[in-house]
Amino acid sequence: MILEAAILNVRPGERSAFEQAMAEARPLIAASAGFRGMEVRPCLEDGCRYLLLVWWERLEDHTEGFRGSDRYAEWKRRLHHFYEPFPVVEHFAAPRIAEPDPLQPAAGV
């Protein structure tokens, strides 16, 4: 499992419009092969900043599959104009250390 992460800095005054556009764009990414889930979390210290987390089965599901699709072109059209500066997107491997370990069953189960 791969975790895509990006800090999204939304232009001041556009939070509501961004959140609405993200909600409407979510099915575009969710329809992608290898998509396993996503979260968009608002920052507590900066109301114009969000953390985007997307779980993919494989790196290529994002970099080639989604980004190479017509759905990505529509995703860009709906969302990319909100960002200032444009976000850096990075991909992360499975955790080396986690507590609780999400890969192990809970104790007593």
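Given the structure is predicted, the values throughout are model-derived calculations rather than measurements.
Counting only heavy atoms from C-beta outward, the side chains of Val54 and Leu3 never approach each other to under 4.5 Å. Counting only heavy atoms from C-beta outward, the side chains of Ser32 and Asp61 never approach each other to under 4.5 Å. Side-chain contact check for Pro87 versus Leu8: some heavy-atom pair is nearer than 4.5 Å. Within the 4.5 Å cutoff, the side chain of Phe92 has no heavy atoms near those of the Ile2 side chain. For the pair Thr63/His91, a side-chain contact is recorded, criterion being any heavy-atom separation below 4.5 Å from C-beta on. The shortest side-chain heavy-atom distance between Val89 and Glu4 falls under the 4.5 Å cut-off.
Heavy atoms from other residues, nucleotides or ligands lying under 6.0 Å from CZ of Arg11 number more than 12.
Closest approach of Ala98 to Pro95, counting heavy atoms only: CB-CB, 4.1 Å. In terms of heavy atoms, Trp56 sits closest to Ala33 at CZ3-O, 4.0 Å. Between Phe82 and Ala21 the shortest heavy-atom distance is CE1-CB, 3.6 Å. Closest heavy-atom contact between Arg41 and Leu53: NE-CD1, 4.4 Å.
Put simply, CD on Glu90 and CD1 on Ile7 are 9.5 Å apart, with the number rounded to the nearest 0.5 Å. Atom CD1 of residue Ile29 and atom CZ of residue Arg67 lie 9.5 Å apart, to the nearest 0.5 angstrom. Taken to the nearest 0.5 Å, the CD atom of Glu57 stands 15.0 Å off from the NE2 atom of His62.
Between the Ser69 side chain and the Tyr72 main chain, a donor and an acceptor come within less than 3.5 Å of each other. Judged purely by atom type and a 3.5 angstrom limit, Arg26 has no side-chain atom pairing as donor or acceptor with the backbone of Met38. Using a distance-only test at 3.5 Å, with no hydrogens or angles considered, no donor-acceptor pair links the side chain of Arg78 to the main chain of Met22.
Classified by interplanar angle (parallel below 30°, tilted 30° to 60°, perpendicular above 60°), the ring pair Tyr83/His80 is tilted.
Aromatic ring centres of Phe35 and Trp55 lie farther apart than the 6.0 Å criterion allows.
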Please evaluate residues Tyr50 and Asn9 with respect to the criterion side-chain contact (heavy atoms from CB on, under 4.5 Å), reporting the C-alpha separation (whole Å), side-chain torsions for both, the decisive distance (0.1 Å), and the verdict.
CA-CA 6 Å; Tyr50 294 80; Asn9 291 293; over 6 Å; no
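Residues Phe86 and Phe66 are members of one and the same hydrophobic cluster, defined by side-chain heavy-atom contacts under 4.5 angstrom among Ile, Leu, Val, Met, Phe, Trp and Tyr.
One finds a salt bridge joining Arg77 and Glu74 here, because a Lys/Arg side-chain nitrogen approaches an Asp/Glu carboxylate oxygen to under 4.0 Å.
In this structure, the salt bridge (Lys or Arg N to Asp or Glu O under 4.0 Å) partners of Arg49, at least two apart in sequence or on a different chain, are Asp46.
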